[in-house]
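For reference, the structure is listed below as structure tokens.
What you see is a predicted model; the values in this text were computed from it and never measured.
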Amino acid sequence: MSAIIESPASPEPAAAPVADAGDLQATTSAWKLTLREFLKNKMAVAGVAILVFFVLFCWLGPVFYHSNQETTDLLNTDGAPGPGHPLGTDSNGFDIIGRIMLGGQTSLWIGFAAAVIATVIGTLWGAVAGLLGGLVDATLMRVVDILLALPFLLVVLIISQRYGANTWGLIIILGVFSWLVPARLIRGEVLTLKMRDFVSAARVMGGTNSRLIFRHLIPNAMGTVIVNITFQIADAILALAALGYLNFGVRYPNTDWGSQLGDAQSNLSNGYWWEVFPVGIALVLVVMAFNFIGDGLRDAVDVRLRKR
């Protein structure tokens with residue numbers, strides 16, 4: 001009697017993992033919720049519109065509106081608004097509109113670059129302090145407290161005077177001395193996140209501190225980082241304006257909005273309003289736009305986290 005040997009059943013194919021797709025879908029839905037809530041904020045949308053206008057005005061404006069911003073014209077100094085110069089000229093004969101465009105490029109670029117540097121340093125500093133805790137946390141945050149006690153503007157004035165006030169020098173100076181507030185914000189966020197289950201699971205699976213910071217903690221704190229960077233840009237633009245007003249801003253032939261205000265302040269009493277008000281309004285509108293955007297992002301991120 002022949003024995004019947006059954007072949008073993010072929011193993012069923014393993015089911016494809018769906019967790020990653022689910023996580024991706026959840027993340028996408030969360031950011032869609034953030035965008036929807038942001039667009040409901042009319043002031044935030046107005047801030048975006050103002051910012052887009054000034055970016056186009058400062059960088060594309062010179063393509064269509066040509067003016068001499070390199071050579072002084074002493075025959076046309078302090079000229080009132082009129083044909084050829086819709087907003088007049090300043091004390092060096094430069095066209096005011098062209099000067100605002102050039103100063104806007106410098107102010108926006110320095111503000112954005114300095115804010116990025118400050119946010120990167122502050123995020124890493126706060127994430128390390130919050131994750132490691134204990135003596136490391138105490139030491140790092142005492143450094144932050146000591147630096148916060150120093151008068152920011154005075155320190156920046158001294159360093160800019162000592163090492164020069166070129167564009168990259170101001171970016172580094174403002175960025176290196178503006179990371180303290182982001183560090184405290186991210187530390188507080190990390191202190192909350194590191195108690196979550198996904199961080200504990202990552203630790204059990206052998207995740208190193210660097211992996212926890214860059215793979216889990218900072219990505220989950222990105223909402224706070226994005227909100228903070230908008231306020232950082234506004235603060236950096238105001239700090240640059242203060243330096244320029246005190247004659248510690250960028251040097252000729254470059255200019256910034258603060259330097260233009262500083263150069264024109266003595267002419268306001270002479271009735272030369274066109275040298276002060278247009279650039280002052282531009283500065284106020286841009287800073288206000290970043291604050292509106294930051295407020296809108298903060299509200300949108302809070303709603304996203306509540307509904308997650």
Practice problem: Measure the CG-CD1 distance between Leu193 and Ile213 for me, rounded to the nearest 0.5 Å. | Solution: 12.0 Å
Quiz item: How far does CG of Leu285 sit from CD1 of Ile50, to the nearest 0.5 angstrom?
Solution: 5.5 Å
Quiz item: What residues form a side chain to side chain donor-acceptor pair (under 3.5 Å) with His85, not counting sequence neighbours?
Solution: Asp95
Quiz item: If you look at every heavy atom in Phe152 and Ala239, which pair is closest and at what distance?
Solution: CE2-CB, 3.9 Å
Quiz item: With Asp137, which residues qualify under salt bridge (Lys or Arg N to Asp or Glu O under 4.0 Å), at least two apart?
Solution: Arg187
Practice problem: Would you tell me whether Arg99 and Gln69 have side-chain atoms, one donor and one acceptor, within less than 3.5 Å of each other? | Solution: yes
Quiz item: In terms of hydrophobic clustering (I, L, V, M, F, W, Y; side-chain heavy atoms under 4.5 Å; direct or indirect links), are Phe231 and Ile171 co-clustered?
Solution: yes
Exercise. Give the minimum heavy-atom separation between Ala221 and Glu189, together with the two atoms involved.
Key: CB-CG, 3.6 Å
Quiz item: What pairs with Thr208 under side chain to side chain donor-acceptor pair (under 3.5 Å), at least two apart in sequence or on another chain?
Solution: Ser210
Practice problem: Go through the structure and list residues passing ring pair (Phe, Tyr, Trp, His ring centres under 6.0 Å) with Trp273, not counting sequence neighbours. | Solution: none
Quiz prompt | For Thr123, side chain to side chain donor-acceptor pair (under 3.5 Å) partners two or more places apart | solution = none
Quiz item: Looking at side-chain heavy atoms only, is the closest gap between Asn166 and Val250 below 4.5 Å?
Solution: no
Quiz item: For Tyr245, what residues pass the ring pair (Phe, Tyr, Trp, His ring centres under 6.0 Å) criterion, not counting sequence neighbours?
Solution: none
Quiz prompt | Reported CG-to-CE distance for the pair Asn228 and Met222, which is rounded to 0.5 angstrom | solution = 11.5 Å
Self-check item: Hydrophobic cluster membership, Val284 vs Val276, 4.5 Å side-chain cutoff
Solution: no
Quiz item: Will you find, in the side chains of Ser259 and Asp256, an N or O donor that is under 3.5 Å from an N or O acceptor?
Solution: yes
Practice problem: Answer whether the closest heavy-atom distance between the side chains of Trp274 and Asp90 falls below 4.5 Å. | Solution: no
Practice problem: Nearest 0.5 Å please: distance from the CD1 atom of Ile233 over to the CZ atom of Phe290. | Solution: 4.5 Å
Quiz item: Which of these passes side-chain contact (heavy atoms from CB on, under 4.5 Å) with Ile293: Leu297, Asp295, Asn291?
Solution: Leu297
Quiz item: What about Ile158 and Ile146, same hydrophobic cluster or not, with Ile/Leu/Val/Met/Phe/Trp/Tyr joined at side-chain heavy-atom distances under 4.5 Å?
Solution: no
Donor-acceptor contacts, no H, no angles, side chain residues 73-81, under 3.5 Å, sequence neighbours left out:
residue: Asp73; atom: OD1; partner: Leu75; partner atom: N; Å: 3.4
residue: Asp73; atom: OD2; partner: Asn76; partner atom: ND2; Å: 2.5
residue: Asp78; atom: OD1; partner: Ser91; partner atom: N; Å: 3.3

Exercise. Mark yes or no for whether Thr119, through its side chain, and Ile229, through its backbone, hold a donor-acceptor pair below 3.5 Å.
Key: no
Quiz item: Taking the side chain from Asn41 and the backbone from Met43, do they hold a donor-acceptor pair closer than 3.5 Å?
Solution: yes
Quiz item: Which pair of non-hydrogen atoms, one from Ala289 and one from Gly47, has the smallest distance, and what is that distance?
Solution: CB-O, 3.4 Å
Quiz item: Where do Thr255 and Gln260 land on the side chain to side chain contact (heavy atoms under 4.5 Å, CB included) test, with the steps shown first?
Solution: CA-CA 7 Å; Thr255 186; Gln260 294 173 41; 3.5 Å; yes
Quiz item: Between Arg184 and Met141, is a side chain to side chain contact (heavy atoms under 4.5 Å, CB included) present by the stated rule, with each step listed?
Solution: CA-CA 8 Å; Arg184 300 187 76 169; Met141 297 317 296; 3.8 Å; yes
Quiz item: Mind checking whether Leu243 and Leu153 have side chains closer than 4.5 Å, heavy atoms only?
Solution: yes
Practice problem: State, to 0.1 Å, how close Gly130 and Lys194 come at their nearest heavy-atom pair, and which atoms those are. | Solution: O-NZ, 2.9 Å
Practice problem: Evaluate the criterion side chain to side chain contact (heavy atoms under 4.5 Å, CB included) for residue pair Val279 and Leu283; output intermediate values, then yes/no. | Solution: CA-CA 6 Å; Val279 64; Leu283 177 61; 5.7 Å; no
Quiz prompt | Leu212 side, atom CG; Ile218 side, atom CD1 - distance, nearest 0.5 Å | solution = 11.0 Å
Quiz item: Minimum heavy-atom separation for Ile237 to Val287, with atom names?
Solution: CG2-CG2, 4.1 Å
Quiz prompt | Aromatic plane relationship, Phe54 with Trp257 - under 30° parallel, 30 to 60° tilted, over 60° perpendicular | solution = perpendicular
Self-check item: Derivation and outcome, side chain to side chain contact (heavy atoms under 4.5 Å, CB included), residues Ile100 and Ile97
Solution: CA-CA 5 Å; Ile100 294 175; Ile97 294 180; 5.8 Å; no
Quiz prompt | Student check: side-chain heavy atoms of Phe94 and Leu102 closer than 4.5 Å | solution = no
Quiz item: Do Trp59 and Leu108 come within less than 4.5 Å of each other through their side chains, counting heavy atoms only?
Solution: yes
Quiz item: Are Phe57 and Val55 co-members of a hydrophobic cluster defined by side-chain heavy atoms under 4.5 Å apart?
Solution: yes
Quiz item: Does Ile121 have any side-chain contact (heavy atoms from CB on, under 4.5 Å) partners at least two apart in sequence or in another chain, and if so, which?
Solution: Ile117, Trp179
Quiz prompt | Val136 side chain reached by Thr139 side chain, heavy atoms, under 4.5 Å | solution = no
Quiz item: Where is the tightest heavy-atom contact between Leu246 and Phe248, given as atom of each residue plus distance?
Solution: O-CD1, 3.1 Å
Quiz item: Of all residues at least two apart in sequence or in a different chain, which pass the side-chain contact (heavy atoms from CB on, under 4.5 Å) check with Val176?
Solution: Ile172
Quiz item: Is there a donor-acceptor contact under 3.5 Å from the side chain of Thr230 to the main chain of Val227?
Solution: yes
Exercise. May I ask whether Leu132 and Trp125 are part of the same hydrophobic cluster, defined by side-chain heavy atoms of I, L, V, M, F, W, Y residues being less than 4.5 angstrom apart, directly or through others?
Key: yes
Quiz item: side chain to side chain donor-acceptor pair (under 3.5 Å) with Asn254: which residues, sequence neighbours excluded?
Solution: none
Self-check item: Pairwise distance OG1(Thr167) to CD(Gln105) - rounded to 0.5 angstrom
Solution: 10.5 Å
Practice problem: Mark yes or no for whether Asn220, through its side chain, and His216, through its backbone, hold a donor-acceptor pair below 3.5 Å. | Solution: yes
Quiz item: Side chains of Tyr65 and Leu60: does their closest heavy-atom pair fall under 4.5 Å?
Solution: no
Exercise. Could you identify which residues cluster with Val181, counting Ile, Leu, Val, Met, Phe, Trp and Tyr as linked when any side-chain heavy atoms lie under 4.5 Å apart, either directly or through a chain of such contacts?
Key: Leu185
Self-check item: Pairwise side chain to side chain donor-acceptor pair (under 3.5 Å) hits with a residue in residues 140-151, at least two apart
Solution: Arg142-Asp145
